[in-house]
Amino acid sequence: MQDNQTLESPPEIQFAGVSRWLKENLFSSLSSSILTVLSVAAVVSVFRSIIGFFISPEREWTAVTYNLQLYMVQAYPESDFIRVWITVGLLIFLLGLSWGFNSLKEKVLIKEWCDGLLKGISSFLFIVLIAPTNVDVEGTSVQVFNNNTRYICIALGIGLILAIYLLRKTYPKTEIIKDRISFLYISLLVGSIWIIKVPTVTFTANNERVDPDPFLPLANTTTIPWTIIFGFMIFGYLIGSFLKTKGKNSISRLILSSWVLAPLVIVSWIYRKPDFGMSNILTLDLPIAVGFSVLGILAIRTLNNKKIVPYQKYVTYGMLVLTVVIFFLPVLRQLKILFFITWLLVSVAPTIANSKESAKNLSIVWSVSVFILILLMRGASSDSLIVVPGSSIYGGFTLTWLIAFFGIAISFPFGVILALGRTSKLPVIRIICTAVIELVRSVPFITWLFFGSVMLTLFLPKGVEFDEVLRAIVVTAIFSSAYLAENVRGGLQSINNGQFEAADAVGLSTLQRITLIIMPQALRAVIPPIVSQVISLFKDTSLVAIVGLFDLLYIGSKVIPNQSQGANFLGTIQENILFCAIFYWLFTYSFARRSMKIEKRLGLGER
Amino acid sequence: MSIIKSVDVKKWYGDFQALKGISMDVAEGEVLVIAGPSGSGKSTFIRCINRLEQHQDGQIFVDGIELTNDLKNIEAIRSEVGMVFQSFNLFPHLTVLQNITLAPIWVRKKSKTEAEEKAMELLERVGIPEQADKFPGQLSGGQQQRVAIARALAMEPKIMLFDEPTSALDPEMIKEVLDVMKELAKSGMTMIVVTHEMGFAKEVADRVMLFDDGQLVEENTPEEFFNNPKSDRTKLFLSQIL
Amino acid sequence: MKINTAFWRDVRFLKWAGQIAFLFLLFNIVSNFISQAINNLNATNLPFSWRFLGTTPGVLISEGFVTYPESGLQALQVGMANMLRITLSGIFVATILGTVIGVARLSKNWVVQRSSTGLVETIRNIPLLVQIFFWQAVILSFPRPEEYDRGEMIFDISAKGIAFPWLDAQETSWLFGVWFILSFIAARRIFKWRVSVMESEGREAYPGIASFVTFTVWNIGGWFGGYKAVGAIGFAASLLSDGFELLPRIGIQALIIFIGFYYSYKYISKEIKRTRSAENRGILTDDDIFKIIMAGLLVLILAIGLFLPFGITVSDFLVGDEPFFKADWGIPQFLDGVQNRLNWELTGEPFTLSYPEIIQAGQSKFSRYSPDVGKVMSVGYFATWMGVILYTSVFISEVVRSGIMAVAKGQSEAGLSLGLKRSSLLRLIVLPQALRIMLPPMGNQYLNLAKNTSLGIAVAFPEIVAVGQTIYNQEGQTVAVFLIWMAFYSTVSLILSSIINYYNRKMKMVER
């Protein structure tokens with residue numbers, strides 16, 4: 001779990017003085033020269049065999065391309081795909097919005113950008129140059145890459161290099177906004193899905209597979225949604241930038257709360273298809289929602305009234321008592337939950353909403369969340385209409401994502417509490433927390449997954465059963481919180497004793513000291529280890545394949561290589577495993593890179 | 001009427017006895033300077049007054065309340081006694097303004113606007129209103145210490161404790177902090193100052209005390225203390241420090 | 001004058017009341033869960049028991065020191081042995097590989113540096129399980145072993161695994177093994193002696209050469225019969241075993257409890273004495289009280305635990321039907337084993353070299369490697385081993401790199417100014433210092449490696465988790481198996497981390 005994701009920037013290549021660079025970096029001494037020759041030979045041969053492996057006619061890549069849908073959503077009914085697309089669209093829109101809102105509009109010299117491009121193109125040329133012409137297939141040599149293609153590719157590469165070189169020369173000092181470059185790349189990607197042709201499994205009229213697989217353009221069901229989603233992203237970005245120029249700071253809170261609420265919405269929207277009876281909504285939900293939002297707004301307004309201030313405490317206590325009483329009364333579950341959060345509101349409102357503007361903000365946030373909560377609860381309490389034949393609705397990459405996200409999210413509060421307990425001065429609490437952390441950490445993750453899949457139900461009363469996926473999420477959260485606790489503990493220990501004393505000296509209570517002074521500093525100090533923990537948890541979700549959940553890896557390693565109906569993909573294990581590897585790699589690597597950059601940016605504001 | 005009174009206060013760290021029975025009292029509005037070599041227990045003593053450390057024997061009364069393990073008393077005393085530390089101990093993740101308004105908002109339950117007005121007033125008083133939106137890490141040592149004083153004053157304490165406020169500062173910054181402290185003393189605040197700045201003691205103090213080896217060696221007016229000390233230990237101390 | 005604070009406002013009281021309330025609550029919750037589990041288990045007609053440890057599970061374990069285990073305990077032991085096998089060899093190889101990659105990443109040579117960085121970035125961003133599946137797919141892509149009866153081979157790789165020559169243990173290999181371990185001690189002694197000669201007389205005394213020669217001579221001598229000297233240990237064991245027979249069984253428990261009581265008494269009195277020292281006036285802090293209570297409790301639990309089965313049914317606690325207080329803890333068997341293996345009457349070469357062979361499997365036309373000669377690295381072992389080694393070595397390389405970088409800056413300049421070459425600078429100055437920084441994170445990586453071997457279950461490698469799963473599928477004792485897993489992994493972690501801590505402390509001492 002201890003990944004220290006550090007990446008370094010590649011050494012600067014200078015066009016002038018190439019020979020000097022070569023001498024310094026490759027041929028500085030005899031031993032270095034020998035090393036260079038040997039390692040170049042090794043790299044070339046490794047790349048040659050990898051490329052040969054990939055383009056060999058023995059490989060059946062259609063096993064991957066034909067099953068991409070299975071990989072992403074497993075057996076999710078096609079008739080409901082629109083829900084998935086809308087969710088992805090919403091998320092991407094939100095992504096664009098926060099990107100536009102938070103973008104620093106950093107600029108980069110065209111020169112530097114060109115240097116990066118040149119590096120990419122030279123790597124492409126390198127691969128084209130060394131790609132093998134023939135590969136061995138069962139003892140006979142088969143041509144896989146003819147020289148004409150190679151020449152065309154090389155000519156194309158050299159042409160591009162010349163063009164970029166020209167661009168570099170003509171605009172030596174011009175700057176370009178980084179975001180635009182990113183959009184250029186993404187639009188190239190989106191444009192390419194309209195152009196490229198991929199080998200596709202097709203069947204003749206009497207259900208025989210066409211051999212060889214024809215190259216066909218991507219289906220409209222893929223290209224159109226992605227294009228629309230890309231449009232959404234640009235739209236979100238523009239709105240975000242616009243709001244930023246308007247300087248609306250309250251928007252940032254809104255964006256943040258949308259991110260927090262988004263997963264809940266997604267789960268209720270993708271994995272459930274509740275039957276919304278209009279009569280229920282009109283007679284029950286709507287009045288409750290309106291009532292509570294009015295109640296909340298009234299509370300926010302009155303609690304900061306000068307006359308009420310001395311009695312705030314009693315209002316809070318009264319609300320607590322009311323909440324507890326309501327909890328034990330036989331009323332709607334919605335009411336119980338709403339009373340609870342109203343109590344939370346009443347206890348935080350006086351401190352949060354102590355100016356006119358913040359009171360207004362809080363009122364808006366309150367009303368919106370009451371409505372969303374009511375909606376979610378209605379959704380959660382009615383039966384889902386999504387029916388998946390045979391297996392679980394949760395599968396494929398959506399499952400991987402679900403476990404990783406909720407595992408981390410749930411583990412966060414527990415991890416922080418465990419860390420506080422372990423550093424506590426109270427011996428009983430400390431010993432218990434230490435024991436819990438160490439016990440959880442001592443055993444590998446897979447045994448915890450077995451615990452979840454076979455043993456967890458043992459400890460629950462008869463009749464209480466929950467879904468396999470939920471159990472996996474629970475054990476992931478338990479496991480992750482122990483590791484998180486250790487990371488947070490590192491942060492807590494890095495805090496100077498003087499901070500505790502100063503907090504005491506100004507009269508803060510223990511809880512205030514922890515939440516206002518200690519935790520913010522401790523968490524900020526441990527962002528890098530927590531990020532690497534998130535990354536390694538994402539990787540570890542692949543272990544659910546061992547306990548038989550249909551995650552990405554299970555589909556790649558067990559499901560597709562055993563497919564024989566429809567298209568026959570028996571034994572295509574190598575292709576599928578490689579696809580999984582590349583898929584995971586893309587996610588973890590780009591996440592690691594991005595978080596590195598964000599960490600750097602955060603670090604700047606500090607001191 | 002004495003606002004702080006201590007009777008035979010003793011304190012141990014493991015085998016080491018840091019305070020060997022300190023009895024003293026401070027009147028309201030008085031400025032008391034405590035001097036002494038390092039390790040003499042002077043810091044420990046003023047930290048006991050704020051209950052950052054617990055004395056193990058004897059009694060301490062602050063504003064008529066005895067310091068015991070009583071939860072209520074500790075809370076009451078903490079908000080009446082302000083403290084300034086040697087190493088500033090500002091909260092690095094909060095801006096200067098937030099540092100000052102934090103306790104008034106959360107402990108005194110003041111509204112944000114009210115607390116911010118008060119904070120700006122205090123920043124004017126310590127002479128750095130323009131730094132309000134900076135982070136502590138961006139300020140010089142002297143400025144940080146002045147913010148720390150403003151933070152303590154924001155709670156409107158009756159008593160201010162200074163634990164070697166200038167010993168972590170460069171010489172040119174000491175003056176700006178001492179000026180603020182002098183101004184504070186003139187305004188009638190009750191202050192206990194642990195310091196090596198004898199010039200400050202001469203100029204502002206109503207009384208000077210010398211601690212050595214956990215004991216109160218001498219207690220005197222500044223004139224007498226510097227010109228005509230009673231004990232030989234004081235003479236030795238003065239000869240070393242002046 | 002003593003002031004009486006109302007107890008409900010006294011901080012000390014509140015602190016302890018809160019903790020005790022918390023403990024009580026926790027105890028309640030946990031006991032609720034446990035009683036629920038007991039109820040549920042009873043309802044399934046599979047109540048919790050350890051009995052499966054003694055009965056024959058009737059499962060086949062594909063590799064290990066026993067393939068048809070006689071008891072559940074033995075099956076689990078096979079799993080543990082397999083896990084340790086892969087862990088120890090993994091640690092060894094991953095350390096070397098990781099160091100090489102780490103140094104390569106700091107190389108001044110651009111190609112070497114970039115390609116090693118590329119390797120690291122590739123491997124650490126792919127889940128280990130995917131990599132293990134990958135290596136399994138790689139080895140399964142080889143053809144099956146064919147042409148049996150082609151005689152002895154040096155090396156062969158096929159879909160059945162990797163076969164290579166191996167030193168087969170003989171009767172006398174235990175004797176030689178002990179002799180071999182002793183040779184390290186002897187070589188070390190010689191080394192120290194020569195160094196002391198060098199220091200006191202100020203002349204070259206060749207400590208390295210001397211210790212190497214000792215090592216070689218000692219082992220060559222041992223190979224041709226010198227190992228018989230080790231038989232003395234076997235003889236001592238036989239004497240001990242005889243003596244042990246005379247002891248009443250209950251004596252051991254009593255002895256253990258007595259020792260436990262003695263040490264806890266010592267501990268408690270030390271604690272009290274420390275706080276009672278002239279100046280402390282007997283003031284016990286919360287922590288002191290807690291430690292004392294815990295020390296007392298632990299011994300009490302130990303005592304009760306050892307004598308508990310007096311009246312209660314014993315068989316649930318123990319394999320076999322022998323009452324617990326009469327149990328001999330396996331000590332006589334152990335002593336007998338020592339006596340038999342380290343017997344000086346044994347003769348012959350300690351090890352013989354054997355080559356792998358392909359044989360016909362039963363009556364079928366399929367062929368496979370002979371299990372009796374040479375060594376075969378099975379598919380599961382290979383996949384797990386490769387995956388774990390590469391994955392761990394990448395993280396180790398990161399540890400090595402940051403360790404070296406932490407030292408390198410100032411120290412390299414100092415070294416270069418002394419006129420050292422770059423290579424000797426690394427070996428003589430940077431690495432020894434970096435080692436100290438590297439040790440704790442390295443230990444973490446070793447622990448991760450040990451835990452990661454559990455992924456062998458995905459490729460049917462029978463390590464402890466896989467065997468445990470087989471057993472509970474057979475016997476239904478999930479809780480018991482989980483407890484065994486927990487105990488085993490905790491013990492391994494504890495041992496590994498205490499070794500690391502030992503070296504860490506030792507290095508710190510050298511620093512002074």
Side-chain angles (χ1 to χ4, degrees), chain A residues 1-8 10-11 24-26 28 32 35-36 39-40 42-43 425-429 431-432 438-439 441-447 450-451 454-455 457-462 535 538-543 545-546 553 556-557 573-574 577-578 580-581 584-585 588-589 592, chain C residues 15 18-20 22-23 26 33-34 36-37 40-41 43 107-112 114-115 117 121-122 124-131 133-134 137-138 140-141 286-287 290-291 294 395 398-399 402 441 444-445 448 451-452 454-455 457-458 465 468-469 472 478-479 482 485-486 489-490 493:
Chain A
M1 286 295 247
Q2 298 296 324
D3 309 13
N4 292 319
Q5 300 275 356
T6 42
L7 309 158
E8 71 217 60
E24 270 176 15
N25 291 299
L26 299 181
S28 58
S32 175
L35 213 56
T36 305
S39 49
V40 165
V43 167
K425 279 188 194 133
L426 309 176
V428 173
I429 310 272
I431 295 268
I432 289 171
E438 289 304 327
L439 267 185
R441 275 161 43 95
S442 70
V443 187
F445 185 38
I446 183 64
T447 54
F450 281 128
F451 175 86
V454 249
M455 274 172 69
T457 42
L458 271 183
F459 292 94
L460 299 171
K462 269 256 136 46
I535 291 174
F538 177 76
K539 287 186 285 177
D540 280 347
T541 53
S542 58
L543 264 62
I546 298 178
L553 183 59
S557 65
I573 181 99
Q574 293 169 346
I577 290 293
L578 275 174
C580 289
Y584 277 110
W585 186 84
T588 40
Y589 183 72
Chain C
K15 222 155 75 178
Q19 290 187 71
I20 288 167
F22 177 73
L23 203 63
L26 195 78
F33 274 128
I34 289 176
Q36 187 67 52
N40 286 345
L41 283 170
S107 165
K108 270 193 156 179
N109 188 307
W110 188 79
V111 181
V112 173
R114 293 311 293 169
S115 49
T117 308
E121 290 299 340
T122 311
R124 81 159 160 208
N125 284 314
I126 296 173
L128 175 57
L129 188 58
V130 176
Q131 294 186 42
F133 277 140
F134 172 80
V138 165
L140 286 178
S141 70
D286 303 348
D287 264 24
F290 187 74
K291 276 184 208 156
M294 281 313 272
F395 287 102
E398 195 63 12
V399 172
S402 46
N444 256 341
Q445 293 309 330
N448 284 345
K451 283 185 262 176
N452 280 339
S454 62
L455 295 191
I457 189 175
V465 177
Q469 198 204 16
Y472 77 58
T478 46
V479 181
F482 191 79
W485 282 342
M486 219 165 207
Y489 277 107
S490 306
S493 312

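First the proteins, then the strands, lettered A, B, ... as listed; each starts at 1. Quick caveat, the model's predicted, so the values are computed rather than measured.
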Checking [X] against chain C: side chain, backbone, both or neither under 4.5 Å from a heavy atom?
X: A:L439; answer: both
X: A:L460; answer: both
X: A:L543; answer: both
X: A:V40; answer: both
X: A:V443; answer: both
X: A:I429; answer: both
X: A:S32; answer: both

Examine whether an atom of [X] lies under 4.5 Å from a heavy atom of chain A, and if so say whether it belongs to the side chain, the backbone or both; otherwise answer neither.
X: C:S454; answer: both
X: C:F22; answer: side chain
X: C:V111; answer: both
X: C:Q469; answer: side chain

Return the option, out of A:I446, A:T541, A:V43, with the maximum number of heavy-atom pairs under 4.5 Å with chain C.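 Ranked by heavy-atom pairs under 4.5 Å with chain C, first place is A:I446.
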Who among A:L35, A:T36, A:T457 has the most heavy-atom pairs with chain C under 4.5 Å?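 Most pairs with chain C among the choices: A:T36.
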Identify the heavy atoms of [X] and [Y] that sit nearest to each other, and give their distance.
X: A:S442; Y: C:S493; value: O-OG, 3.9 Å
X: C:L129; Y: A:S542; value: CD2-O, 3.4 Å
X: C:A137; Y: A:Q574; value: O-NE2, 3.7 Å
X: A:V428; Y: C:Q19; value: N-OE1, 2.8 Å
X: A:L426; Y: C:K15; value: CD2-CG, 3.0 Å

Any chance you could lay out the ring-ring contact (aromatic ring centres under 6.0 Å, His included) test for C:F482 and A:F450, step after step, and finish with the verdict? CA-CA 9 Å; C:F482 191 79; A:F450 281 128; 9.6 Å; no
Residue pair A:I573, C:L140: steps toward the side chain to side chain contact (heavy atoms under 4.5 Å, CB included) verdict: CA-CA 10 Å; A:I573 181 99; C:L140 286 178; over 6 Å; no
Counting heavy-atom pairs under 4.5 Å to chain A, which of C:V130, C:T122, C:N109, C:I34 comes out on top?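 Maximum pair count with chain A is reached by C:N109.
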From [X] [atom1] over to [Y] [atom2], what is the distance, rounded to the nearest 0.5 angstrom?
X: C:I126; Y: A:Y589; atom1: CD1; atom2: OH; result: 12.5 Å
X: A:M455; Y: C:N40; atom1: CE; atom2: CG; result: 12.0 Å
X: A:I577; Y: C:F133; atom1: CD1; atom2: CZ; result: 6.0 Å
X: C:E121; Y: A:W585; atom1: CD; atom2: CH2; result: 8.0 Å
X: C:Q131; Y: A:K539; atom1: CD; atom2: NZ; result: 8.5 Å
X: C:T478; Y: A:L458; atom1: OG1; atom2: CG; result: 5.0 Å

